[in-house]
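Both ligands and their constituent atoms are indexed starting at 1 by order of listing.
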Amino acid sequence: MKMHIDIISVLPRLLDSPFSHSILKRAIDKELVEVNVIDLRDYAENKNRQVDDYAFGGGAGMVMTIEPIAKCIEALKEKRTYDEIIYMSPDGEVINQGMANFYSTQKNLLILCGHYKGVDERVREHFITKEISIGDYVLSGGELAAAVFCDSIIRLIPGVLSDETSALTDSFQDDLLSPPVYSRPADYKGMKVPDVLLSGHTKEIEKWRLNKSLERTKERRPDLYKKGDS
Ligand code: ADE
């Protein structure tokens, strides 16, 4: 089953790079996902292709108007049924690994990227089914947030990562941070790799990694550590 993601943006070129490299590019090339970026201005019916206007009631900042967004979403909905119509916004639910796992199993997603002071509230009320944030800070627009969200879900689609187990051993999959990793040389100017990792004892290595994960989570993310405990 190929996943399909449509992204509505006023700056579509901003999304070129994230989808043209590395894992996301490979997923697209392997036809495991299809990502289509739509220029919202194509749905503006004025000659300046304007998609924003002043806020009723006054105040600084422009608002993305309902008309082009409604037209764009309606046109897209004629072609497919979306599992979710997502608005990237700092007001949304903050994405975590559990949510990434869930969205990686969906078939059709539509993502709207906001700009300026945000979108007319009626868009959120009548068209959006889910609002997602990538963290408690404000970005200039939703595009980078959409790229982060898409990366977190696309890499989980079976077949995207060459070694499927590598996504399962990611930090957060079991509410634990990853253990430290090392590569050659075993001794760099006196900075040594822990002996156990060179020992070849698989059981001992697993035990060491689990201990390090627990230690690191307890120290750096006590909130996650507690969650794992319960
Ligand atoms: N748009 C602006 N800030 C954002 C954030 N933190 N998450 C998602 N979309 C955003």
Just let me know how Ser140 lines up against ligand 1, side chain, backbone, both or neither, with a heavy-atom cut-off below 4.0 Å. neither
Note: ligand 1 atoms sitting under 4.0 Å from heavy atoms of Met88 are 8 (C), 9 (N)
Tyr82 and Gln106: side chain donor to acceptor below 3.5 Å: no
Centroid-centroid distance, Tyr87 to Phe127, less than 6.0 Å: no
Just to verify, which of Ile23, Asp29, Ile28 counts as forming a side-chain contact (heavy atoms from CB on, under 4.5 Å) with Arg26? Ile23
Which of the atoms in ligand 1, numbered in the order shown and given with their element, are less than 4.0 Å from a heavy-atom of Ile132? 8 (C)
Look at Arg155 together with Asp170 and state whether they make a salt bridge at an N to O cut-off of under 4.0 Å. yes
Based purely on interatomic distance, does Gly135 place a nitrogen or oxygen under 3.5 Å from a nitrogen or oxygen of ligand 1? yes
Could you check atom 7 (N) of ligand 1 against the protein and tell me its nearest heavy-atom contact, residue, atom and distance included? Ile134 N, 3.0 Å
Counting non-hydrogen protein atoms only, what is the nearest one to atom 9 (N) of ligand 1? Give residue, atom name and distance. Ser89 N, 3.2 Å
Check Ala145 against ligand 1 and report side chain, backbone, both or neither, counting heavy atoms closer than 4.0 Å. side chain
Cut-off 3.5 Å, side chains only: do Asp83 and Asn108 have a donor facing an acceptor? no
Give me the one residue out of Ile73, Leu76, Leu112, Ile7 that meets side-chain contact (heavy atoms from CB on, under 4.5 Å) with Ile38. Leu76
Taking N or O atoms only and a 3.5 Å limit, does Leu139 qualify as a polar contact for ligand 1? yes
Looking only at protein heavy atoms, identify the closest one to atom 6 (N) of ligand 1 and say how far it is in Å. Tyr137 O, 2.8 Å
Short N-O contact, Glu219 and Arg216, less than 4.0 angstrom: no
Return the residue, atom name and 0.1 Å-rounded distance of the protein heavy atom closest to atom 1 (N) of ligand 1. Pro90 CD, 3.6 Å
